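In what follows, a structure is listed as structure tokens, so that the remarks can point back to it.
Hydrogens, waters and symmetry mates play no part in the numbers below; they use all other heavy atoms, side chains included. Each ligand, and each atom within it, is numbered from 1 in the order the structure gives. Start at 1 with the first residue, then count along the sequence. Treat the numbers as computed from the prediction; the structure is a model and nothing was measured.
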Amino acid sequence: MNRKYRKTVIAGNWKMNQLVSGVKPFMEELKKELPQNKQCDIVLCTPAVMIPAMVKAGKDCKVAAGGQDVSKYEKGAYTGEVSADQLLDAGAKYCIVGHSERRQYHHEDDMLINAKARALLAKGITPIICVGESLEQREMDLTIEHITYQVKAALYGISATELRHCIIAYEPIWAIGTGKTATSEQAQEVCEAIRGVIRKMYGARPARAVSILYGGSMNAKNAEELLAQPDIDGGLIGGASLKPADFAAIVKATDQ
Ligand code: PGA
């Protein structure tokens, strides 16, 4: 973390878990566990239907609501899609794009992810842009090349002013939901490389100001060490964001 130059962000990704009716009780529990003086921005990215409930329940403990996906289209005949305007209207301040589960199960490519990030920025929603390598790519020593390509493609056509409203999340695919965390050295190496790519694209100042999160089996035990790395500015947390005490413990780990 480097609080002098950028925000620390702890974002939960509920994926396709929880119910609308469960949001209020969850948030009541979380409120009890969260520290009074939080050292970070907190967001919970829920299924779109839960966003209004999250906005309501998160207000007094300053937890923002986020979506997990958005349509690249503005509006119209796109059955099943949710637009950036609709997310905004529901109260979302953030939205994940390019999560590896969407890349894998919904065949999303880098061009589509770029279009989605731009659709969000056009409405003032902060995209949390996910990038990450597979185990095969890591073993073939292709991690940095792959991440560089993903970051460049995702940020194509995004201005330096818009970049200030972007968050990048580095999530090695082999670490997601597996209990296998990247070591803090591995995570730092890639997050530093991501900042290097952004520096080449936008210059030193914008690169210094962008928050880069780590995601992949982050939990109460390993959070402190990961967050102590200079280029890791927070976390994108799946499994551990489903339990108020575990999520709050990660928030507390930013207090170092
Ligand atoms: P995990 O998920 O924390 O359960 O590994 C992270 C993510 O997919 O964002």
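Note on E192 versus R199: no salt bridge recorded, every NZ/NE/NH1/NH2 to OD/OE distance being 4.0 Å or above. A salt bridge does not link D110 to K152: none of the charged side-chain nitrogens sits closer than 4.0 Å to a carboxylate oxygen.
Shown here are the side chain to side chain donor-acceptor pair (under 3.5 Å) partners of K75, two or more places apart in sequence or in another chain: there are none.
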Can you give the donor-acceptor pairs under 3.5 Å from side chains of residues 223-235 to other protein atoms, not counting sequence neighbours?
| residue | atom | partner | partner atom | Å |
| --- | --- | --- | --- | --- |
| E225 | OE2 | S184 | OG | 2.6 |
| Q229 | NE2 | E225 | O | 3.3 |
| D231 | OD1 | R195 | NE | 2.5 |
| D231 | OD2 | Q188 | NE2 | 2.8 |
| D233 | OD1 | R6 | NE | 2.7 |
| D233 | OD2 | R6 | NE | 3.0 |
| D233 | OD2 | R195 | NH2 | 2.8 |
| D233 | OD2 | I212 | N | 2.9 |

May I have the list of side-chain donor-acceptor pairs in residues 35-48 shorter than 3.5 Å, sequence neighbours left out?
| residue | atom | partner | partner atom | Å |
| --- | --- | --- | --- | --- |
| K38 | NZ | C61 | O | 3.1 |

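Side-chain atoms of H146 and Q137 form a donor-acceptor pair, as typed in the model, at a separation below 3.5 Å.
A heavy-atom cutoff of 4.0 Å around ligand 1 is satisfied by the protein residues N13, K15, H99, E171, A175, I176, G177, G216, S217, L236, I237, G238, G239.
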